[in-house]
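Data block below; observations after.
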Amino acid sequence: MVTTDRGRSTRIHGGALTRFLALNQRYAACAALTRNGIEIVGVGDPAGARFHAVSRRLLTIYKNDDGGHLDGLVSAVKALNWRRITQPQPLSLNPDLRELGKEVSSQAARLRGAIAEQELLDELAAAAVLLTSTSSPVGPVLLRSIEEVGAESCVVIAASKRATMGLETWLQEYGVRVLTAGELERSQSHREQSYVIGPPRIYRSSLVTAPVTSEMSFLLPAWFRDRSVPHSAIAAYAEGAIRVKSRVFTVGDVTEPVSSLTGAEDEVCLPQPVWGSRQSDVREPTPGEVEAHKVILSSNLAIWLDDGERIRSLDPRQPRGERVTYTDVTAVRKGTYLLLRQGTTERGSLYQAAIVQLGPIAADIEAAQFNWKQTLAQRLRQHGHSRVVEDLRAAGIKTADRARAWTDPFLVRPNNDQDFEGLLQWLGIPVHPTFGYATRLRKTIYLVSAEIGKQLEDTVAVADLSELETVGHLRLDTNTEGFRGIIATRVVAISPFTEIVSRHEARVPFEDRSGRWLE
């Protein structure tokens, strides 16, 4: 019950009251954090400092490396630094750290004799051995802090779901709740204190600018010297924008190896894929080829993602019955879960299933489709993509830049009716019956797709979705022939440039281990 300014009483129902109280808590936490600032605790970590210093020397050499033979070593080194920052649990509960230490030593040994800097490789391997034989000093500092405020009054924030799982294994006996920053924002937490593992810069600004707890401490190795506090992207332009101050403390032995190197900390600490440079020639793809970005997926998979309009995906955050959907290709991001069929594309399977359903008329439809697509492909070969696009635009076709994509047998027709009619006229092909055939084929494919989507929804409804976060992928099988072996897998990284690949290779998952150290 709430009393208004005119003395009337208004009843607030449970759900609304909960949201009202949560909003009040947010405002109070924001006011307290703005007033008192955040605490940043740099913990002395001699073993980590030594490895970090050698890592920076390696990166200096890597920047001048043309052959890419250091890619594997640099990836493992970055990942090891990252694990040291984000997973401070004891070594016995930190298998990731030990595995990465062995990988660094293995990569260094592999390069012996291949580069001139043999002394650096020896130092790197020795530093990795030392690092992975000592637990992070951040862990004991975190435990002491938790004991001071009480486990029931605090929450630990981890940099990723993988880091959360490792910290939970360690801290569960102390009764401490461990969340990612996103989980904290969605939770109805009433904890007063949050202990954030890692430097502020690796977290979204909303963790600080829209806090859930009134007190916040970041715990990180002292050798990570960037202690800048994130702020909203519009803070520079907004009047009265929230700017949170910081109080920096150091604990333990903070001496570090002498180094004259300077540069951004994230260069040697944030795991990033090593893309190299574009290998394809500078030319236009043929009608049987596509420009595609390489997309690294969880579970040591990857695909070539072309410029198609959409791709089937899974959103585990949505309510039951609304999790399987389509995502625009341009909207695919790191963290998106794609639904892919191993060995082939879903588009091909949908096309074949639709042809079967069309029965006797299927042959006529396929012949009409083959005719206009082959005619378009011939124009592209004769005049080139740029000239064809220019001519199509002159003919009033708005989506002319999709001309090459329309030659794909599984991309049935342009979405816009006027564009399709104009394209057929430009090709010199009678609009009917080709227009009607293509439209009927597209409708049949939509019906098949909807049925497959329903089956996938039913499968997802009884699946253990936690596997998506713990394992990184989830196998989903349907009852329809040709649609078995579908997996949901998380996007880990997307290449900044495209390569020219065969159209048949696009969207087909293949084994790729370049993302095995990425979170």
Would you call E183 and R177 a salt bridge, taking side-chain N to carboxylate O under 4.0 Å as the test? no

Any side-chain donor-acceptor pair under 3.5 Å between S449 and R312? yes

What I want to check is whether the side chains of R84 and S136 have a donor and an acceptor closer together than 3.5 Å. no

Nearest 0.5 angstrom please: L338 CG to L297 CG, how far? 6.0 Å

Residue pair V460 / V324, side-chain heavy-atom distance below 4.5 Å: yes

Compare all side-chain heavy atoms of V208 with those of M216 and state whether any distance is below 4.5 angstrom. yes

Is it true that a side-chain atom of T209 and a backbone atom of S205 form a donor plus acceptor pair closer than 3.5 Å? yes

With a 4.5 Å heavy-atom cut-off, do V212 and L207 have their side chains touching? no

State, with a plain yes or no, whether a side-chain heavy atom of P409 is found less than 4.5 Å away from one of Y351. no

Under the 3.5 angstrom rule, does the side chain of T489 hit a backbone N or O of S298 as a donor-acceptor pair? yes

Measure from the side-chain N and O atoms of Q87 to the backbone N and O of L167, and report whether any donor-acceptor pair falls under 3.5 Å. no

Mind checking whether T498 and H293 have side chains closer than 4.5 Å, heavy atoms only? yes

Within the structure provided, determine whether I157 and F218 are in side-chain contact (heavy-atom separation under 4.5 Å). no

Under 6.0 Å from the ring centre and within 45 degrees of the ring axis: does the NZ or CZ of R278 meet both conditions for the six-membered ring of F497? no

Ring center gap for F420 and W372 short of 6.0 angstrom: yes

What I want to find out is whether D419 reaches R402 closely enough, with some N-O distance under 4.0 Å, to be called a salt bridge. no

Does the pair R204/E185 count as a salt bridge with the N-to-O cut at 4.0 Å? yes

Tell me, please, whether Y437 has R413 positioned over its six-membered ring: NZ or CZ under 6.0 Å from the ring centre and within 45 degrees of its axis? no

If you measure from the Lys or Arg side-chain nitrogens to the Asp or Glu carboxylate oxygens, is any gap between D306 and R347 under 4.0 Å? yes

